[in-house]
Amino acid sequence: MPALRLHNSLTRRRETFVPIDPAHVRLYVCGPTVYDLAHLGNARPVVVFDVLARLLRRLYPRVTYVRNITDVDDKINARAAESGEPISAITARTTAEYHADMAALGALPPDIEPRATAHISEMIELIERLIAGGHAYEAEGHVLFSVASYPEYGALSGRSPDELLAGARVDVAPYKRDAGDFVLWKPSTPGLPGWDSPWGRGRPGWHIECSAMSWRYLGETFDIHGGGQDLIFPHHENEMAQSCCAFPGSKFARTWMHNGMLLVNNEKMSKSLGNFFTVRDVLAKAPGEAIRLLLLRSQYRGTLDFSDAALEETRRDLDRWYRALERVPGETGEVPEAVLDALCDDLNTPQAIAELHKLADAAFAGDAAAGAGLRAAGALIGVLQHTPDAWFERQDEGAAAIEALVQARNAARKARDFAQADALKQQLLALGVTLEDRKDGGTTWYRRKPAAQ
């Protein structure tokens, strides 16, 4: 078994991964705040850490992968105020949409997906520990973490105290002892979500949520914490500070992994630039496997540029790989050593993809073992999950758009928005699509052949 080496954001170097318990590897990744459709930037960490989880399961006997749902947040409250839709309906619908979109990208569900609102008691317990240890204080109905009480604050982001203060971008409330102190608990007005606590009715701050949920399911110290590069400060810095202070002697996460930014046509994605795309927007243009492969073409820590041209290129790559599998039909084999070596080198997916191209070349030459290896390698990175016949059948014009509508209908059904589900069904029927709902909650679809003349 090759040694797994990962870049640790905390130490800023590549290290050989040594699990706390080789019989049970534990991984936590920050999940979505459910108030709107997932965009392309949200999809990159999901795909990256899905590959990591698949690799860990290939290398170790047991892996627990936890990815949370943030369903209490000021963005959700603002969306409810704007739309008039109940918070519970917004979070249920957008969670179902998120699940549908990530499934369309071939991401397996995490082992555990805790919701923040189901773990308020753990958050309160952590805050009580911090107060008792002198790391937090109550002020005007708020509870705040005292940054000065934790000398290691700033170790993850590598920022100086002045940079930390400037980067926090916080209003310096008069009740704060120090401008950089951050909120653990805040009061709620009658119209906002709230829970009873020792400090009055209120709701948690963002950072305490992930500390509580990772502690609940993975313990005081676990192996890997992942997320987007944009979360290093303040979210992950604050998570680490409060967790290490709540449990003196613990390390919280031993390895920190962060994926880089996603650009669209070499520009930062922005609604004002007209290059802001949801996952569902792109699924209307291309199959989920093509989007996934594009998200893996760059090494995860680097910047990834997303464009229609690059998306079309990945679709052609997949077409070629599926044609190779047609030439050598057979069973799935073992993952080739060269592919494993690439992925164990800090998830070097570009090199792994290069190895898949070599396997396809050999399969075209009639090498059945290469075809078996291509299937296995594809499964490890989450592609080539269809038969060649099914893949090419769905490349017909409009198939990706139909798939997006089917996934949207499934999300509406899961959220019990039956009016929306029925409207989408009628839209699909008008396109000549037959739907067969399965017992597992999914849907099989096919186009009806035109009647004979």
Side-chain angles (χ1 to χ4, degrees), residues 29-50 67 69-71 73-83 85 90-91 93-107 169 206 226-235 258-298 300-315 398 400-409 411-412 415 420 424:
V29 176
C30 289
T33 300
V34 285
Y35 70 100
D36 207 346
L37 288 171
H39 58 69
L40 278 177
N42 301 138
R44 192 180 190 193
V46 173
V47 170
V48 165
F49 291 106
D50 180 63
R67 188 184 67 215
I69 294 285
T70 295
D71 58 351
D73 186 87
D74 288 345
K75 291 179 181 177
I76 301 172
N77 300 339
R79 181 57 54 88
E82 292 168 5
S83 66
E85 188 178 4
I90 291 173
T91 58
R93 173 173 49 77
T94 52
T95 297
E97 289 169 338
Y98 178 81
H99 287 156
D101 289 348
M102 296 310 113
L105 298 182
R169 296 190 181 92
W206 175 31
Q229 199 175 63
D230 57 315
L231 296 180
I232 294 177
F233 185 83
H235 185 48
H258 294 94
N259 62 274
M261 286 182 58
L262 182 139
L263 303 178
V264 176
N265 297 316
N266 282 310
E267 293 183 301
K268 186 175 180 179
M269 192 166 60
S270 166
K271 290 181 179 178
S272 63
L273 293 175
N275 67 349
F276 182 93
F277 299 112
T278 66
V279 172
R280 195 151 296 177
D281 291 333
V282 188
L283 283 170
K285 298 192 290 186
E289 276 196 4
I291 301 168
R292 180 185 181 94
L293 188 60
L294 178 49
L295 291 171
L296 296 174
R297 280 179 43 165
S298 296
Y300 77 95
R301 290 191 294 112
T303 300
L304 170 67
D305 185 37
F306 199 102
S307 67
D308 286 344
L311 188 58
E312 183 57 33
E313 187 177 334
T314 59
R315 189 206 291 258
I402 290 171
E403 181 67 23
L405 288 171
V406 170
Q407 294 291 348
R409 174 177 172 267
Q420 175 70 356
L424 289 166

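The basis for the numbers below is simple: all heavy atoms, side chains too, and nothing from hydrogens, waters or symmetry mates.
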Close side-chain approach of V279 to M102, heavy-atom, < 4.5 Å: yes
Separation between CZ of R79 and CG of D74, rounded to the nearest 0.5 Å: 13.5 Å
Nearest-0.5 Å distance, CD1 of residue I90 to CD of residue E82: 9.0 Å
Shortest non-hydrogen contact between I291 and A286, atoms and distance: CD1-O, 4.0 Å
pair D50-R292: side-chain heavy atoms closer than 4.5 Å: yes
N259 (side chain) donor-acceptor with R301 (main chain) under 3.5 angstrom: no
Under 3.5 Å donor-acceptor, R44 side chain and G260 backbone: yes
Heavy-atom pair of closest approach, residues A411 and A96: O-CB, 3.3 Å
Heavy-atom check, side chain of I69 versus side chain of P32, under 4.5 Å: yes
Least distance between heavy atoms, M269 atom then H39 atom: CE-ND1, 3.3 Å
Steps toward side chain to side chain contact (heavy atoms under 4.5 Å, CB included) verdict (V48, L295): CA-CA 8 Å; V48 165; L295 291 171; over 6 Å; no
Student check: side-chain heavy atoms of Q407 and L283 closer than 4.5 Å: no
Contacts of E85 that satisfy side-chain hydrogen bond (donor to acceptor under 3.5 Å, both in side chains) - sequence neighbours left out: R93
Side chain to side chain contact (heavy atoms under 4.5 Å, CB included) between T95 and D71, worked out: CA-CA 9 Å; T95 297; D71 58 351; 5.9 Å; no
Validation row: D73, Y35 side chains within 4.5 angstrom (heavy atoms): no
Spacing of CG belonging to L262 relative to CG belonging to L40, to within rounding of 0.5 Å: 6.0 Å
Sidechain-backbone polar pair: T314 side chain, A290 backbone, donor-acceptor under 3.5 Å: yes
From CD (E289) to CG (L105), nearest 0.5 Å: 10.5 Å
Within-4.5 Å side-chain heavy-atom neighbours: L294 and R297: yes
Over all atoms of both residues, closest heavy-atom pair of L424 and A408: CD1-C, 3.6 Å
Separation between CG of D36 and CD of E97, rounded to the nearest 0.5 Å: 8.0 Å
Test item: D281 side-chain N/O and T278 main-chain N/O as donor-acceptor pair under 3.5 Å: yes
Main-chain N/O of Y98 paired to D101 side chain as donor or acceptor, under 3.5 Å: no
I76 versus T70, closest heavy-atom pair with distance: CD1-O, 3.7 Å
Ring pair (Phe, Tyr, Trp, His ring centres under 6.0 Å) against H99, all qualifying residues, sequence neighbours excluded: none
Pairwise distance CG(L37) to OG1(T94) - rounded to 0.5 angstrom: 8.5 Å
